[in-house]
Every structure is written in C-alpha cells, then in structure tokens.
Amino acid sequence: MHQYRTHTCGELRKEDAGTTVRISGWVHSVRDHGGIIFIDLRDHYGLTQVVIDPSKSFYKGVDHWRVESTLCFTGNVIKRIPEAVNPRLDTGAIEITAEEMVTLGESKVIPFQVSKDEECNESLRLEHRFLDMRRQKLHDNLVLRSKVISRLRELMTGEGFMEMQTPILTSSSPEGARDYLVPSRVHPGKFYALPQAPQQFKQLLMTSGFDRYFQIAPCFRDEDARADRSPGEFYQLDMELAFATQEDVFEVNERVLHAVFSEFSDKKIDETPFQRIPYLEAMDKYGTDKPDLRNPLVLQDATELFRTCDFKAFSGVVASGGSVLTIAAKGCAGQSRKFFDEMIKFAQGVGSKGLGYLRWNEGEVQSPIAKFLSQETLDSLKNLGGVSDGDVMFFIADESKVAREIGGHVRDELGRRLELIDSNVFKFCWIVDFPMYELDDNRKVEFSHNPFSMPQGGMDDLLNKNPLDILAYQYDIVCNGVELSSGAVRNHSPELMIKAFEIAGYDQSVVESKFPALYKAFQFGAPPHAGIAPGVDRIIMLLADEPNIREVIAFPMNQKAQDLLMSAPCEVDSHQLRELYLQVKLPKRSEESSTVGGE
RNA sequence: GGGGGUGUAGCUCAAUUGGUUAGAGCGCCAGCCUGUCACGCUGGAGGUUGCGGGUUCGAGUCCCGUCAUCCUCGCCA
C-alpha cells in the first residue's frame, strides 16, 4: 500500500465499498458527536468523509482535531445508508471508517477560515497566501488559469506557431514604462533591465527566419498598480508572424480568443470576425479607445446646436472652440432627483464643470437649462438624440478632448447605474487606425504609441502628410471595456524607421544607438512582420469574472509592489552591495519604511 | 506625488445626536452529545477602537497629524 494514499479525496464511489483504502489530506471540518466523529478530509481533488470511533487507539493521541492539519487515514470504504447520502459531494455515497491514522502536519489555529467563503482583509490573505490558495474560489481560479494557458499553447501550436524563449536579463530600452534594473557584477556601473516585453527579440526572431513565434512571456514594468494591473510582472501571449498583414493577425487571434472564451465560459461571445472600429470613431462615440460595447449608450456631438443659445456656460465653450457632447438615455426620466444630483457629482469627480440634462417627463421638459433654449433648439436636440417623452439627454461642455474623456466616464457610469450592461456576454472589438503621432504637453510631435509600428501610406505619407494625420498599422483588441492587447504591423525598413524617428525629432544616431539590434538586423533582409500580445492575466480575469487581477495570480504583490509572504523587496547584505559596486543613498524621510514587512 | 474609501476581539461586522461596564456571528478554550455533513447544546477567555496629539464634564464617534490597506489620477513604447 502506498505510504500516503491509494486514492485521492475526490475519487471514491459506491462501487469502491468493501475495499480497504488510504487517503491523505487537510482537515476541512470536524463534527464531533462525542460517541462518533466525522471529519471531511480535503485535497486538490475533493472531499471525503472519514468516520472515527473514539474507542480507536489513535483517538487518544490527538489533542485537537484542528482544521487544516494534514492527516493520513487508512480504513474501509462503507456505502452510506440512503438517508445519510450527501448529494452535494461527489464522494457523498460513501464514507471511510478509520482504522489507522497518521498526523502528517499539524496546523496552528488559522488566521482566517479556509472552509468558509467569507471576505477577509487582503494583506492578511497575502501574508498567508498558501492558506488563501486552499480556499475554493482562489484554488479554482488558478486551476482555470492553468487550463487556459495549456489550451492557449495547444491552439497556438495548432496555428503553426513555435514556442520560443527570450532573455530575462536584457538591456534597458528607451521609452515605455520604468525598467526594473539588475546591476552587473562583471561590469561595474552597468545594468541589465528585465524586459518590459520581448518586443525586440521577437522581431529579431522574425528576421532570423522563424515564421511564427509565440511565448507565454513574462513582462516586467515598474508602474503603479490598478485593479486590472498587478505591479512588477504580468504575462502576455506574445506572438509575431512573418510575411503577415494586419488581417492575418486578426484572423489568428479571433480563432484563438473565440475558442478560449467559448470553451472556458458560459457567456455569449461575439461571432468572428469581431467588429473593427477606427480609433477616431471610438473616441467620438465612446470617449475612449477601450469601449465597453455591452453599454448601448453613445456620445453625440451637439456643439452646433448650442453655438447661439442663451445658456452662456455652453455657448461660451463653443465660442472658445470646445464641444458640447450629449448622451441620450432612454426611459431614464423617471429617475429620482437624487439620481440626477449624483450623476452631476460623478461628472464633477471626473473633472467636469457640471452635467446638464434635459428630461422629457409627462409631456414637459424638466431641466435647469431648458429656459435658456428655444423651442427650435429643443426640437433639434430631441431629433438628434432620437428621444421622446420618458427619455433624458445629458450634456457635457468642455474643451473637445476633455469633453470626450468626461463623456466616456459618464457613459460608463450611466450604463452601470441604469443597469444597461449585460453581464452574460463578451463583446469584442478591434480598435484600428491609431494615429502614428500626437502632440505632447509641449506641443511637440511625439510617437503616440509604438515607434516600431509601420506608418500607413509608407514613405509617401511620411514625406507629404501632416504628421498628426498619419495613421499607423497599430491596433488594440478590447473585450467588455478591458484592453486585452496592443499590436502592430512592424516597420521593418531601415529607411522608413529613420524617417519615422526624424519626424518625432530623433536623428539617425538615436535609432542606431537606442535600437542597435533591430537597426542592424533590418539591413540584412527583414521580412514584413506583424504581431500582438494579449494579456493572459486579463483574459483569465474576464473568464473567472473577477474584478481584481490579484484573484487570478498565485503570488501577487500588493499595491505598493511588495510580496508580503516573501518580504520582497528586501534589504541585502552590505557585501552583496560591495560586490556590485553599489552604494545606497536613502531619501531623507524613508528610514522607517525601508524595511519590508515590519510593523 | 495627488484625490477618495476603509481601519473596533484571531476573522467578518454592529455600536442612535458625543453619554452606563464597546456587542453579535464565526473561530478559539472547557464540558455534554453515536449519523453529522455550515452538526447541535452549555459555559468561558479574548479589546490601548491602527498610532500620536487636540476639542470636551465626557471621544469608537468631532478636529489635526501619522501609518496601513484598497480604489483612482498621474504613469503604463
């Protein structure tokens, strides 16, 4: 007989009755009736009920039947009488009468309950992540993660992609996020950087003649956390295709994502091909480049209708070149005064000066601003929004870019509050035709996205078009308002690269010194290539229906990029620093906070 | 770095307008119980209300500071 088990805790059925078995696992719950004790023993696979007769010799050796200790039982499988069957357990038709017991690992009193699904302070969970991961929900999420990643590998291999590794210790590349740096011992004063993505390596692999590459790639960016952004590291399904167009990338990703989302979720998924929305249209209609298409509300431009009106707050904005945007919300006129007040407060919270509204209710227009508007204007607005009695139109007036941004937030909030969002669907779209350049804060032309992207229209457009009108073969894929990934057709021509950088104010020497590998490689015959890298953690977040990315990561860091279980980051010995020729110069106020995990 | 929320027993939470000895459920400890499966019953321990200061006859409650944590803006080629 195996030292620890002949069966798992999820395995035994009524057909096994009469056999002698051995199982090991964690004490999930104890029900002590004095004359008889029931223990639910749990492992990765399930729960099995063990019945203990207190007259057994091992019973006296146990001080506490404490939950979460690991035990090994040897005993007989008994078919339960019909009244005692537990239909909620896979093993509920049987139980094991214990003949022998071995304590494998005793547990102290646990800081939070494993067997109950109750909310619990997150730092406590992170400090005891090994206990937290025993809990059903997190355990299931990580099983899902494993299955999804395994399936992604299958699908990618099936599409003809090769999985390849790229370096983790590499060089810092300009632009992008802050790097994590690793000091070199051999080269005093020099540093490796952890890759923010394997971007340049995968392009080099294409140039090396590999046709289709993929990798579940770790990416390291030193940026502050968000609910959907874990600090430190995250994973991408990184891929690149040689001799490929934008459309080729879309087709592969539509097949792979549609397969994974339909296999691992019961939600309804868009049929392929997914919608394609030009960037400018997305900004106009949704006020964002990652629209949640489950929300039926859209932004409309009402600027002209307010140009000559008596409502100075709006006409003034129009006169100074700004926009008035409107959102028509059907059937929303019956909402309470509180609802409208809270919407105004929300709009102010996201940077708006206010939030106007017209409420067509019981045959009249109820609104603080209606008295400033002519009947003709009211009719035109009504026509624009396609509204009638019972509907409401909301208005945002501001500098055009700001108005769209605020409008995007108001659209989200209205969608939530009016419960317009169907939580049982996945709505995908591609955002295409991103601008190649934009103006930075100093009104200087700068790459708006990825400097490696191929400009649409080639050299012709680079030479002849206003830089701000040049589009890139740059695309995002968005699901339910979550940006899953950016990708691009790459610029594989050294001449186009130099010209593209020149427009952004960098001369040839910058390209040569900052991207030496690509610049050199592309002069030896580069294939046209394109790629993308969907975020694996975010895909799993969507599939697991988790609002927080930490719920799909085994060992996440907290918001301050600390691992509370491993106490990372931590101080190191002075000899380690000496070996690396490093000296620590702390900021004035942080002596106390420099120790991790202390209290 | 900025804005917001939260912080009360091991855990989740309550405590009326600032007013008695800060409560409940779970967990823990002791006892009882032979069919439970969130077992049940009886009893018990457990609190510097994050920390520091202030206002007040009186502070868990109000004010200031600080720390922790989450959300968010900046940031994320």
Side-chain angles (χ1 to χ4, degrees), chain A residues 28-42 47-55 63-64 66-68 78 80-89 91-92 95 97 108-128 131 172-179 195-197 199-200 219-232 234 345-346 348-351 405 409 434 436 438 441 446-453 472 474 483 486 488 501 504 514-515 533 535 547-548 550 558-560 562 564 587 589 592-593 597-599:
Chain A
H28 188 71
S29 72
V30 181
R31 295 176 294 280
D32 185 346
H33 290 243
I36 185 170
I37 299 164
F38 299 99
I39 284 181
D40 286 338
L41 202 66
R42 182 196 71 236
L47 284 178
T48 298
Q49 175 165 283
V50 178
V51 186
I52 295 159
D53 177 349
S55 67
D63 283 337
H64 303 278
R66 195 166 270 163
V67 289
E68 297 309 316
I78 306 292
R80 299 199 203 181
I81 58 167
E83 303 84 75
V85 167
N86 184 349
R88 282 161 47 211
L89 287 184
T91 61
E95 61 196 10
T97 52
K108 302 208 292 189
V109 174
I110 51 178
F112 54 83
Q113 294 308 296
V114 168
S115 62
K116 295 184 180 65
D117 185 29
E118 64 177 12
E119 289 295 312
C120 168
N121 178 286
E122 192 162 2
S123 358
L124 196 69
R125 292 175 54 202
L126 291 172
E127 283 165 33
H128 301 83
L131 285 179
S172 177
S173 86
E175 300 190 275
R178 279 181 292 269
D179 283 319
Q196 296 188 20
Q199 182 65 36
Q200 297 187 64
C219 302
F220 304 90
R221 297 179 193 173
D222 183 3
E223 293 300 327
D224 289 334
R226 291 289 183 278
D228 63 353
R229 199 165 84 203
S230 191
F234 62 97
K345 213 176 149 199
F346 172 85
Q348 288 167 339
V350 293
E405 198 176 304
H409 287 119
F434 276 83
M436 186 82 191
E438 64 188 1
D441 295 339
E446 185 53 272
F447 288 114
S448 74
H449 237 88
N450 186 327
F452 306 115
S453 298
Q474 167 88 40
E483 182 191 315
S486 285
F501 274 78
K514 298 296 186 188
F515 307 100
N548 194 299
R550 291 184 296 274
N558 69 5
Q559 192 166 40
K560 283 198 174 163
Q562 296 168 304
L564 297 178
R589 276 183 62 232
E592 261 174 277
S593 61
E599 227 344 332

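Below, chain A is the first sequence line, B the second, and so on; all start at residue 1.
The aromatic ring of His33(A) sits over the base of rC39(B), with ring centres less than 5.5 Å apart and planes tilted by under 30°. The side-chain ring of Phe38(A) is stacked on the base of rU36(B), judged by centre separation under 5.5 angstrom and plane angle under 30 degrees.
For Asp32(A), counting side-chain heavy atoms from C-beta on, the closest listed nucleotide (rC33(B), rC70(B), rA77(B)) is rC33(B). Each of rA77(B), rC11(B), rU69(B) was ranked by its minimum atom distance to the side chain of Gln562(A); first place goes to rU69(B). Among the nucleotides rC70(B), rU34(B), rC75(B), the one closest to any side-chain atom of Arg229(A) is rC75(B). The side chain of Ser123(A) sits closest to rU69(B) out of rU69(B), rG10(B), rU36(B). Nearest nucleotide to the side chain of Ala84(A), out of rC29(B), rG10(B), rG35(B): rG35(B). Listed candidates were rC76(B), rC28(B), rU36(B). Nearest to the side chain of Arg80(A) is rU36(B). Taking the side chain of Gln49(A) as heavy atoms from C-beta on, and the options rA77(B), rC37(B), rC11(B), the nearest nucleotide is rC37(B).
Contact annotation: Asn121(A) side-chain N/O to rU6(B) OP1/OP2 distance is not under 4.0 Å. Side-chain N/O atoms of Lys560(A) include one lying less than 4.0 angstrom from OP1 or OP2 on rA68(B). In this model, the phosphate group of rC39(B) is approached by a side-chain N or O of Ser29(A) to a distance below 4.0 Å at OP1 or OP2. Taking only side-chain nitrogens and oxygens, Gln559(A) comes nearer than 4.0 Å to OP1 or OP2 of rC70(B). The shortest distance between the side-chain N/O atoms of Asn558(A) and the OP1/OP2 oxygens of rU69(B) is below 4.0 Å. In terms of phosphate contacts, Gln199(A) brings no side-chain nitrogen or oxygen within less than 4.0 Å of OP1 or OP2 of rA77(B). OP1 or OP2 of rU36(B) has not a single side-chain nitrogen or oxygen of Arg31(A) nearer than 4.0 Å. Side-chain nitrogen and oxygen atoms of Arg221(A) include none within less than 4.0 Å of the OP1 or OP2 phosphate oxygen of rC75(B).
When heavy atoms are screened at a 4.0 angstrom cut-off, Arg125(A) is found touching no nucleic acid atom at all. Across all strands, Asp40(A) comes closer than 4.0 Å only to sugar-phosphate atoms, never to a base (heavy-atom distances). Using a 4.0 Å heavy-atom distance criterion, Glu95(A) is classed as a base contact. Heavy atoms of Glu119(A) sit under 4.0 angstrom from primed sugar atoms or phosphate atoms, though from no base atom. Backbone-only contact: Leu124(A) has heavy atoms under 4.0 Å from sugar-phosphate atoms and none from a base.
Nearest-nucleotide positions on RNA chain B place Pro111(A) closer to the 5' end than the other of Pro111(A) and Phe452(A). Each of Asn450(A) and His409(A) was matched to the nucleotide of RNA chain B holding its nearest heavy atom; the match closer to the 5' end belongs to His409(A).
Atom pair Glu83(A):CD and rC37(B):C1' shows a separation of 15 Å (rounding to whole Å applied). Look at CG on Asp179(A): it is 12 Å from P on rC76(B), rounded to the nearest Å.
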Might you work through the side-chain contact (heavy atoms from CB on, under 4.5 Å) test for Glu68(A) and Gln113(A), ending with a clear yes or no? CA-CA 9 Å; Glu68(A) 297 309 316; Gln113(A) 294 308 296; over 6 Å; no
side-chain contact (heavy atoms from CB on, under 4.5 Å), that's the test. Do Asn558(A) and Leu564(A) meet it? Break it down for me. CA-CA 8 Å; Asn558(A) 69 5; Leu564(A) 297 178; 3.8 Å; yes
side-chain contact (heavy atoms from CB on, under 4.5 Å) for Gln49(A) and Thr91(A)? Distances and angles first, verdict last. CA-CA 8 Å; Gln49(A) 175 165 283; Thr91(A) 61; over 6 Å; no
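Between Ile52(A) and Ile39(A) there is a side-chain heavy-atom pair separated by less than 4.5 Å. Under the 4.5 Å side-chain criterion, counting only non-hydrogen atoms from C-beta, Arg221(A) is in contact with Phe234(A).
No N or O donor and acceptor, one from the side chain of Arg226(A) and one from the base of rC70(B), sit under 3.5 Å apart. Evaluation of atom-type donor-acceptor distances gives no pair under 3.5 Å for the side chain of Glu223(A) against the base of rG74(B). The base of rU12(B) does not come close enough to the side chain of Gln113(A) for any donor and acceptor atom to sit less than 3.5 Å apart.
rC57(B) and rG19(B) make up a base pair, with Watson-Crick or G-U wobble contacts both under 3.5 Å. Searching all strands for a Watson-Crick or G-U wobble partner of rA24(B) with both distances below 3.5 Å returns rU12(B). Across every strand in view, rU48(B) sits unpaired, with no contact that passes the Watson-Crick or G-U test at under 3.5 angstrom. Pairing of rU6(B), defined by two Watson-Crick or G-U wobble distances under 3.5 Å, is identified with rA68(B). rC41(B): Watson-Crick or G-U partner is rG31(B), with both key distances under 3.5 Å. In this structure, rG74(B) forms no base pair with any nucleotide, since neither Watson-Crick nor G-U wobble geometry is met with both distances under 3.5 Å.
Ion pair Asp40(A)/Arg31(A) flagged as a salt bridge, since at least one NZ, NE, NH1 or NH2 atom sits closer than 4.0 Å to an Asp/Glu carboxylate oxygen.
Nearest heavy atoms, Leu131(A) versus Pro111(A): CD1-CD, 3.5 Å.
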